[in-house]
Structures are given as structure tokens and as C-alpha cells.
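Here is the structure we will look at, set down as C-alpha cells.
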Amino acid sequence: MAKNMGSKVLADMFKGYGITHVFYMPQVISTALVAMEELGIRRVVAHSEKGAAYMADGYARAKGTPGVCLAQPIGASNLASGLRDAFMAHSPMIAISGGPMPASRYRYAYQEVEDFGQFDCVTKANYNVDTVARLPDMIRQAFRDATTGSPGPVHLRFQGRRSDGPLGEGDIEALCEPQFASVPPFRPSAEAQHVKDAVAALIAAKRPVIVAGGGVMHSKAQKEVVALAELLQIPVATSPNGKGTILENHPLSIGVVGTYSRECTNRAVHEADLVFFIGSPAGGMVTGNWTVPDANVEVMQLDIEANELGRNYPNKVALLGDAQATLSMMIAEAKGKVADHKAWVARVQELVATWREAFAAKMASNDMPIRPERLCKELEEVLPADAILVADTGHAGMWTSQMIELKHLGQRFIRCAGSLGWGLPGAMGVKVAMPDRPVICFTGDGGMYYHLPELETALRYGINLVVVVNNNGGLSQELPQLTINYGGKLRGNADEMWKFSKDFNFAKVAEAMGCASIRVEKPGDIKDALKRALAMNKPVVVEVITDVNVMVPTAWVPK
């Protein structure tokens with residue numbers, strides 16, 4: 001085997017796995033980054049390690065291929081914190097950081113802290129790469145870990161303050177395994193008897209519901225979910241990560257279920273006598289903390305990870321396999337069979353219609369400050385047919401999950417898994433992965449403050465997304481609990497715990513940073529502002545001034 005430089009091999013392997021961008025904070029694997037330029041891999045320098053991780057995460061979720069983020073040792077803790085959202089969202093990522101050399105350990109070397117263990121709880125796998133001889137096989141292992149089963153982040157710690165320990169000369173070659181370049185690399189099918197049992201259970205149930213989770217998106221099984229639902233006339237709810245599995249104006253669609261839910265969705269799932277979770281572990285967020293459905297309802301699960309089957313609900317039928325492959329088997333099994341769910345579908349449609357009627361006036365409101373329901377409705381109406389809507393967590397995720405309906409097959413929804421501030425850098429990663437599609441980030445002022453400097457990164461690299469800031473001047477999600485803490489009525493200096501400056505202007509800041517900006521204070525101006533923003537060929541901030549006293553409807557749960 002001929003001798004090669006580790007830096008060149010790493011660059012060649014990233015190219016071989018289809019990596020187009022890496023997101024990082026200097027200085028880390030610098031010689032490899034130089035080699036990447038020659039291969040056309042774009043190097044995106046962020047303003048923080050956490051921002052870089054979020055960008056790589058958005059890239060991974062949009063493209064279905066591992067996103068790569070990098071940091072030197074002093075930034076490793078920030079990089080680890082940036083992987084938390086990816087870990088919760090099952091996003092395939094590869095993170096590389098530097099680490100101590102044996103000669104400097106325990107001697108107070110500059111910027112040296114033993115941080116390796118910080119990655120254990122936010123990754124699927126956490127590896128040391130100490131020599132150039134181990135570089136190729138550990139890169140291959142990282143891609144295998146990141147993409148197989150339920151995807152997730154992998155961390156590699158390279159020896160050296162500049163992470164250059166494994167980048168020297170060695171008897172190595174850039175051998176790649178393209179099968180593990182994207183999700184899913186395998187499509188195992190559930191056992192035939194389990195498929196028959198599952199279809200029989202769905203037909204026998206009087207009030208079945210499908211809950212489509214993020215695993216449906218990873219498997220690209222949206223068409224199969226809808227086909228099975230139509231064949232057996234089963235209403236479909238989704239998790240926030242599964243939103244868009246079924247068009248939300250489809251007669252079988254009932255919306256997002258759980259803590260970010262419309263009342264109609266939770267009521268429908270609560271009334272079901274069989275709930276079929278597909279690509280979802282039925283965690284607390286999707287089930288309203290395990291109240292929807294309650295413990296007495298029959299549950300089936302289809303998941304690619306065996307240890308998720310029955311984790312939260314005993315399974316009537318457990319299906320181990322890839323969603324697309326297994327649902328295809330279920331569709332074949334269900335053809336020609338009759339399921340009488342007509343009355344149940346009518347009941348679910350009644351619940352959805354009642355919800356829409358209840359919120360129609362708020363969505364058309366001319367109140368000032370603007371109601372967020374109106375903002376969401378206007379955004380829904382101008383959302384391009386191929387748009388990707390990216391939502392921050394908290395109220396941003398709640399408003400978009402509940403109020404904005406995806407009505408075109410080309411539209412997509414990507415939601416932060418829980419880390420406030422993920423929205424802007426995450427959406428930038430989405431836009432980098434999908435440069436020819438409109439990308440709209442929906443965040444609040446609280447989320448926008450986190451990574452505001454990344455607007456400069458967007459401008460510098462021509463990441464031309466639209467950022468909609470729902471600016472109500474405060475962290476209003478905190479208000480209900482604060483009110484309880486104050487005994488039912490805020491007093492004294494309570495405002496300092498949740499309100500921001502009224503004078504801060506995101507539009508002016510964005511403009512000063514070189515981006516385009518539009519500030520909207522009247523509801524009648526929203527639609528035109530959004531249309532103008534989508535037509536601009538640069539990063540745009542659309543700041544919409546909304547009412548701080550309007551709360552997102554809390555999720556309905558059975559008492």
C-alpha cells in the first residue's frame with residue numbers, strides 16, 4: 001500500500017461519501033480543510049461551535065446524509081452541546097474535535113480539559129482516533145453508526161490541539177462505503193406473520209389511528225403511509241417531525257399530536273381504540289406525556305430499532321423493520337380486504353372542522369399588535385409549493401405545528417427538537433443542503449437572539465433564506481408558570497423575568513449586517529412582505545410585531 005497523508009485521505013473520504021459542506025470554528029484539521037477546497041467541498045466558518053453544529057444538523061435533516069461539524073479542543077464542550085438537538089431528533093452527524101496528546105496529559109497544557117466524556121450522552125458513538133493508521137476505518141465506522149438503524153450523531157476525537165494527530169503520513173487509503181452515505185442504508189422488512197397480524201388488527205379496530213413519526217421521513221415512507229391509510233380508511237396524525245407525511249388538507253389528516261397539538265388531534269387519538277405508531281418511540285412529546293393515548297388503549301409499533309418496540313406502551317403487534325419496506329408489505333396484505341371505518345372517519349373530520357371553525361376568526365384578525373394566528377395563516381398562503389419551513393422550538397414550534405398546514409407534496413417541515421435558538425443556524429444548514437428550494441425559518445425574538453451573528457455567515461456564504469421573526473418582545477411561554485409562581489398575579493419586577501427591550505429592532509440590525517429586512521406592524525402588510533422577501537436573492541429578515549399577551553393554545557389532554 002502506498003503512503004498517503006491522512007489529511008488527503010480524510011478529504012477524499014468526505015468527497016467519496018458525498019459531503020459537500022463542513023461547518024466549523026478554526027483551528028481544526030486545517031491541512032485536511034485545505035485539501036477539501038481542491039475537491040470542491042465548501043468550508044463554512046460559523047461564529048460559534050454550537051452554531052456550526054446546528055448548521056450541520058439542518059444540513060443532515062434536509063439531505064438525509066451526515067452533516068459534518070468541527071471544533072478545536074477549547075470549543076469541544078460547545079460542540080457537544082450543539083449535538084444535543086441532533087441526538088434528540090435522530091439526525092445523522094459526524095462531529096470532530098481535537099484532544100490532548102499523550103505527552104501533555106495532566107500537565108496543564110494550554111486550553112486542555114478532558115472533555116471526551118461530554119459526548120457520551122449526545123451521540124450514538126464516541127471514539128478516539130489516535131493514529132493515522134486508524135483514520136480510514138474510524139471514518140467508515142462513523143458513517144455506518146450515523147446512518148444505520150435510528151440515525152444519530154457520532155463524535156471522533158482526533159489527537160492534537162489542532163486535531164492533526166491522525167493527519168500525518170501513513171500506509172492508508174481512502175476506501176469508502178457509499179452504502180452508508182445516506183439514510184437508510186438498509187431496508188429490512190418485518191416478519192410476514194407480524195405484518196398479517198398488524199393488518200388484521202387495523203381492520204378489526206373500530207377507531208384506529210396512525211401516528212407517523214420522524215422515522216417515516218428518514219425512511220422516505222410518506223407515500224406508503226398515505227396509501228395504507230387510504231386503503232383501510234384510517235385517520236393519520238403526525239409527530240412534529242412527521243408533519244408533512246400526509247397533506248394537511250387530506251380528508252384523513254388530523255394534524256400534529258401531543259404537546260404541540262391542536263385540540264382536535266389529541267381528542268381523536270384519545271378516542272381511538274387502536275393507535276399505530278410508525279417510526280416513533282411514542283415519547284412524552286408525541287403522547288402528551290403518555291396521556292394520549294392512555295395506558296388502556298391498544299398500541300402497535302413499527303420501528304427499525306428493536307428496543308423502541310414497547311418502550312412506552314405494551315404492543316399488541318410489534319413490527320421490526322424499515323417503514324417503507326414494511327408498509328409496502330402491509331399494503332399488499334391489505335389489498336382486497338374490507339375495513340368499515342366510515343363512521344369513525346366522519347367523527348374525526350367533525351373534530352377537525354370544529355377546530356378550524358373555532359380559529360378562523362383569529363386567523364383573519366386585524367388586531368394590532370398582530371395575532372400570531374394571522375401571521376401563520378398569511379405564511380401558509382404564500383408558502384411556495386416546494387418550500388421547506390424550518391421552525392424553532394417553544395412557541396415558534398407550537399404555532400407552526402398547529403396553525404400552518406402543508407398542502408403541497410413538495411413542501412416540507414423541519415422542527416427543532418427542543419434547543420431554543422436552533423432555528424436560524426439550523427435553517428441555514430437546510431438551505432445549504434437544498435440551495436434551489438425556498439427555505440423559510442420561523443422563530444421568535446427569544447430564539448433569534450441566540451445566534452443573531454450568524455446572519456453575517458449567511459451573507460458571507462450567500463445562504464439566501466428568509467427568516468420570519470415573530471417578535472412579541474418577550475419570552476411569553478414563561479408567562480403562565482411565572483403567574484403561578486407569583487400567586488396568580490404578576491407584581492414588582494416580574495417583567496424582568498420574561499420581557500425584552502421594546503426598542504430593539506431586528507430589521508435594522510439585519511440591515512446593518514448587510515442583509516435585507518422588512519418590518520411589519522400591520523396585519524394587512526404581512527403577505528406582501530413575505531412575497532417580497534421570497535423574491536429577494538439574499539438573506540432576508542421579516543420582523544413581524546405581534547401581541548405578547550396572545551398565548552399558544554395549550555394541548556388538550558384528558559382529565
Let me confirm one number: the [atom1]-[atom2] distance from [X] to [Y], rounded to the nearest 0.5 Å.
| X | Y | atom1 | atom2 | value |
| --- | --- | --- | --- | --- |
| L465 | L455 | CG | CG | 8.0 Å |
| T123 | D145 | OG1 | CG | 9.5 Å |
| S253 | K243 | OG | NZ | 8.0 Å |
| Q402 | C376 | CD | SG | 9.0 Å |
| N241 | M217 | CG | CE | 8.5 Å |
| W399 | E373 | CH2 | CD | 4.0 Å |

Item to check | Residues V468, L375; criterion side chain to side chain contact (heavy atoms under 4.5 Å, CB included); working and verdict | outcome: CA-CA 10 Å; V468 177; L375 168 58; 4.2 Å; yes
Counting N and O atoms only, with roles assigned by atom type, does the side chain of [X] sit under 3.5 Å from a partner on the main chain of [Y], one being a donor and the other an acceptor?
| X | Y | result |
| --- | --- | --- |
| Q301 | S280 | yes |
| S91 | G152 | no |
| S219 | G215 | no |
| W290 | A282 | yes |
| T400 | G397 | yes |
| N126 | G117 | no |

Checklist entry - Given Q72 and M25, is the side chain to side chain contact (heavy atoms under 4.5 Å, CB included) satisfied, shown in steps? => result CA-CA 7 Å; Q72 59 175 303; M25 287 289 289; over 6 Å; no
Next on the checklist: Test salt bridge (Lys or Arg N to Asp or Glu O under 4.0 Å) on E305 and R311; report intermediate values, then the result.
Outcome noted: CA-CA 11 Å; E305 291 284 358; R311 178 188 292 275; over 6 Å; no
Which heavy atom in [X] sits nearest to a heavy atom in [Y], and how many Å separate them?
| X | Y | result |
| --- | --- | --- |
| I304 | G149 | CG2-C, 3.5 Å |
| A396 | G444 | CB-N, 4.3 Å |
| P185 | T147 | CD-O, 3.1 Å |
| A427 | C441 | CB-CB, 3.6 Å |
| G288 | T259 | CA-CG2, 3.9 Å |
| A323 | L302 | CA-CD2, 3.9 Å |

Next on the checklist: Test of understanding: with side-chain hydrogen bond (donor to acceptor under 3.5 Å, both in side chains), list the residues that count as partners of Y260, not counting sequence neighbours.
Outcome noted: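 Per chain and number, Y260 pairs via side-chain hydrogen bond (donor to acceptor under 3.5 Å, both in side chains) with T393.
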Below 4.5 Å, heavy atoms only, C-beta onward: do [X] and [Y] meet side chain to side chain?
| X | Y | result |
| --- | --- | --- |
| V45 | Y24 | yes |
| F87 | F119 | no |
| L351 | I254 | no |
| M428 | V432 | no |
| Q324 | R187 | yes |
| I526 | V382 | no |
| F500 | L475 | yes |
| N315 | V299 | yes |

Which atom pairs, donor and acceptor, lie under 3.5 Å between side-chain atoms of residues 48-56 and protein residues at least two apart or in another chain?
| from | atom 1 | to | atom 2 | distance (Å) |
| --- | --- | --- | --- | --- |
| S48 | OG | G51 | N | 2.9 |
| E49 | OE1 | N78 | ND2 | 3.0 |

Checklist entry - Checking side chain to side chain contact (heavy atoms under 4.5 Å, CB included) for the pair V209/V257: CA distance, chi angles, key distance, verdict? => result CA-CA 11 Å; V209 165; V257 67; over 6 Å; no
Next on the checklist: Taking side-chain hydrogen bond (donor to acceptor under 3.5 Å, both in side chains) as the cut-off, I'd like each qualifying pair that reaches into residues 407-427, sequence neighbours left out, listed once.
Outcome noted: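 Checked against side-chain hydrogen bond (donor to acceptor under 3.5 Å, both in side chains) - neighbours excluded - the pairs reaching residues 407-427 are D57-W422, D85-S419, E380-K407.
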Item to check | Pairs meeting criterion side-chain hydrogen bond (donor to acceptor under 3.5 Å, both in side chains) with involvement of residues 427-452, two or more places apart | outcome: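 Counting only pairs at least two positions apart or across chains, the side-chain hydrogen bond (donor to acceptor under 3.5 Å, both in side chains) contacts touching residues 427-452 are D392-T443.
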Checklist entry - Got a sec, which residues hit salt bridge (Lys or Arg N to Asp or Glu O under 4.0 Å) with R460, two or more places apart in sequence or on another chain? => result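 Checked R460 against salt bridge (Lys or Arg N to Asp or Glu O under 4.0 Å); matches are E456.
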Next on the checklist: Distance alone, cut at 3.5 Å: any donor-acceptor contact between the side chains of Y59 and T20?
Outcome noted: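 Checked: Y59/T20 side chains pair up, N/O donor to acceptor below 3.5 Å.
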Next on the checklist: Show, in sequence, the C-alpha distance, side-chain angles and deciding distance for H250 and V226, and conclude whether the side chain to side chain contact (heavy atoms under 4.5 Å, CB included) test is met.
Outcome noted: CA-CA 10 Å; H250 191 290; V226 175; 4.2 Å; yes
Item to check | Carboxylate-amine/guanidinium proximity below 4.0 Å for R374 and E378 | outcome: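 Answer for the salt bridge query: yes.
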Checklist entry - Charged N to carboxylate O under 4.0 angstrom, E248 versus R262? => result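 A salt bridge is absent here (no side-chain N lies under 4.0 Å from a carboxylate O).
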Counting only pairs under 3.5 Å, give me each side-chain donor-acceptor contact of residues 540-555, with atom names and distances, residues two or more places apart or in other chains.
| from | atom 1 | to | atom 2 | distance (Å) |
| --- | --- | --- | --- | --- |
| E543 | OE1 | F506 | N | 3.2 |
| E543 | OE1 | A507 | N | 3.0 |
| E543 | OE1 | R519 | NH1 | 2.9 |
| E543 | OE2 | N471 | ND2 | 2.7 |
| E543 | OE2 | F506 | N | 3.3 |
| E543 | OE2 | R519 | NH1 | 3.1 |
| T546 | OG1 | N470 | OD1 | 2.7 |
| D547 | OD1 | N549 | N | 2.9 |

Item to check | Parallel, tilted or perpendicular, as decided by the 30° and 60° cut-offs, for the rings of Y313 and F277 | outcome: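 Judged by the thresholds at 30° and 60°, the geometry between F277 and Y313 is parallel.
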